[in-house]
Amino acid sequence: MLILVIFLFAFSSFRNSARKVSAPNIEFIGEENLFVTNETVSKLLIQNQQSVTNKPKEIIDLNELENTLNSNPMIKEAQVFINVDGTLTAEIIQKKPIARISTNASYYVDDEGKDMPLSTNYSARVPLVTGFVNKKELYNVTVVAKKIQSDEFLKSHVVEIHQNENRSIDLRFRKNDFKVQLGSIKQLDKKINNLKAFYQKAMRDNTLNSYSVVNLRFDKQVICTKK
């Protein structure tokens, strides 16, 4: 009986290791809009310059495939595994852009404050960032962009983040031509609350288009400059 069990186990292990890998099953987790396509991922799933499809399971290096996928600048995290039936699955989490730099260079800033290249497959609807921007110093822009993404009022109104040479921040609205001067990112929540209060009052008074500058740089007041 023991010999039979050992034989069956060895036979099963041999058949499993010799099973050929199917065409990759690619699953994108979370984001519906694809910055990196199925075709691109499939091309990355190669080993020793050859496709993994129809190769024996035992020669597939899953760590190598994951490292290749994770090195793609559009991909935040990738996991690759093979099921018992030989199906190779790649689960992909894409990076999430929150702003688009539009200076002498063009690229996205993701939600971790890292640069991310533009995609030829899809363009994200995120605020443009203009002015003085250094790819190695994206902290201020990231803080403001994340605030915009998480706030429905800002998300529906802000179309541009402008960083001045002293790293102070200005905003531009979609439907109003005044400039919002945030200044530094200190007390950002309080400044945004002041902006919302100003906007609601000015909208009730029908005076939104009367201003050229809305200054939020001071702690307890909003200073507006008329046209």
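All values reported here derive from a predicted model rather than from experimental measurement.
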Do F173 and L208 touch side chain to side chain, with heavy atoms closer than 4.5 Å? no
Take a 6.0 Å sphere around NZ of K196 and say whether it holds more than 12 heavy atoms from other residues, nucleotides or ligands. yes
Exactly one candidate in L154, V158, L171 meets side-chain contact (heavy atoms from CB on, under 4.5 Å) with V144; the answer is L171
Shortest non-hydrogen pair, K147 vs D189, comes out as NZ-OD1, 2.9 Å
Report yes if the side chains of T103 and F132 come closer than 4.5 Å at any heavy-atom pair, otherwise no. no
Worksheet item: Hey, do the aromatic rings of Y211 and F178 have their centres closer than 6.0 Å?
Response: no
key: Student check: side-chain heavy atoms of I82 and L62 closer than 4.5 Å   = yes
One should read off an interatomic distance between I29 CD1 and E77 CD, to the nearest 0.5 angstrom, of 10.0 Å
- Task: May I ask whether I169 and V214 are part of the same hydrophobic cluster, defined by side-chain heavy atoms of I, L, V, M, F, W, Y residues being less than 4.5 angstrom apart, directly or through others?
- Result: yes
Here the gap from Q149 atom CD to T142 atom OG1, rounded to the nearest 0.5 Å, amounts to 11.5 Å
- Is there a side chain to side chain contact (heavy atoms under 4.5 Å, CB included) between Y107 and V133 once you walk through the steps? CA-CA 11 Å; Y107 55 92; V133 182; 4.0 Å; yes
Do the non-hydrogen side-chain atoms of Q181 and V213 ever get within less than 4.5 Å of each other?
yes
Give a yes or no answer on whether the side chain of N164 reaches the backbone of N166 with a donor-acceptor pair at less than 3.5 Å.
-> no
Exercise. Could you please spell out the steps behind the side chain to side chain donor-acceptor pair (under 3.5 Å) verdict for S119 and N121?
Key: CA-CA 5 Å; S119 170; N121 193 55; 5.2 Å; no
From the list N72, L65, N70, side-chain contact (heavy atoms from CB on, under 4.5 Å) partner of L44 resolves to N72
message: Using modelled atom types and a 3.5 Å cut-off, is there a donor and acceptor pairing between side-chain atoms of R100 and backbone atoms of A124?
response: no
Check step by step if side chain to side chain donor-acceptor pair (under 3.5 Å) holds for T37 and T40. CA-CA 5 Å; T37 63; T40 299; 3.0 Å; yes
Counting neighbours of NZ on K186 that are heavy atoms of other residues, nucleotides or ligands and sit closer than 6.0 Å, is the number greater than 12?
no
_Using side chain to side chain contact (heavy atoms under 4.5 Å, CB included), reason through V41 and F28 one step at a time and then give a plain yes or no._
CA-CA 10 Å; V41 175; F28 288 91; 4.1 Å; yes
So, S102 side chain and L128 main chain: donor-acceptor pair closer than 3.5 Å or not? no
Shared hydrophobic cluster for L69 and M116 (ILVMFWY, side-chain gaps under 4.5 Å): yes
I'd like to know whether CZ of R125 has more than 12 heavy-atom contacts from other residues, nucleotides or ligands below 6.0 angstrom.
no
Taken to the nearest 0.5 Å, the spacing of S184 OG from R217 CZ works out to 10.0 Å
Sub-3.5 Å donor-acceptor pair from the side chain of S42 to the main-chain atoms of N38, do we have one? yes
- prompt: Okay, side chain of K226, backbone of S210: is any donor-acceptor separation there less than 3.5 Å?
  reply: no
Would a hydrophobic clustering, with Ile, Leu, Val, Met, Phe, Trp and Tyr connected at side-chain separations under 4.5 Å, put M74 with I98?
no
- [ ] Salt-bridge test for D110 and K76: reply yes if a basic N is under 4.0 Å from a carboxylate O, no otherwise.
- [x] no
Inset, instruction - For the residue pair I223 and F218, establish whether any side-chain heavy-atom pair is separated by less than 4.5 Å. - result: yes
Q) Quick one: is the NZ or CZ of K95 closer than 6.0 Å to the six-membered ring centre of Y108, and within 45° of its axis? A) no
Given side chains that start at C-beta, do those of E27 and T89 come closer than 4.5 Å, heavy atoms only? yes
To the nearest 0.5 Å, atom CG of L182 lies from atom NZ of K191 at 6.5 Å
Is there a donor-acceptor pair under 3.5 Å between the side chain of N140 and the backbone N or O of R167?
yes
So NE2 of H157 and NZ of K175: to nearest 0.5 Å the spacing works out to 7.0 Å
Exercise for the section: Report yes or no: does Q94 contribute a side-chain atom to a donor-acceptor pair with the main-chain N or O of F35 at less than 3.5 Å? Expected result: yes
Are side-chain heavy atoms of L45 and L88 found at a separation under 4.5 Å?
yes
Next on the checklist: Checking Y122 against N33 for the side chain to side chain donor-acceptor pair (under 3.5 Å) test, could you report, in this order, the C-alpha distance in whole Å, the side-chain angles of both residues, the deciding distance, and whether it holds?
Outcome noted: CA-CA 7 Å; Y122 179 77; N33 301 311; 3.1 Å; yes
Please evaluate residues D177 and N209 with respect to the criterion side chain to side chain donor-acceptor pair (under 3.5 Å), reporting the C-alpha separation (whole Å), side-chain torsions for both, the decisive distance (0.1 Å), and the verdict. CA-CA 7 Å; D177 60 359; N209 294 321; over 6 Å; no
Closest non-hydrogen atoms of E160 and T130, given as atom of the first, atom of the second and distance, are OE2-OG1, 2.7 Å
**Prompt:** In terms of heavy-atom contacts, does CZ of F81 have more than 12 from other residues, nucleotides or ligands at under 6.0 Å?
**Reply:** yes
Going by heavy atoms in the side chains, are Q79 and E66 under 4.5 Å from each other?
yes
_Main-chain N/O of K146 paired to S150 side chain as donor or acceptor, under 3.5 Å_ = yes
- Query: What about V129 and V143, same hydrophobic cluster or not, with Ile/Leu/Val/Met/Phe/Trp/Tyr joined at side-chain heavy-atom distances under 4.5 Å?
  - Reply: yes
Does E152 offer a backbone N or O that forms a donor-acceptor pair with the side chain of S156 under 3.5 Å? yes
SB check K201 D205 (cutoff 4.0 Å) | yes
Spell out, yes or no, whether Y199 and V159 are grouped together once hydrophobic residues are joined by side-chain heavy atoms under 4.5 Å, including indirect joins. no
d(T68 OG1, D61 CG) to nearest 0.5 Å is 9.0 Å
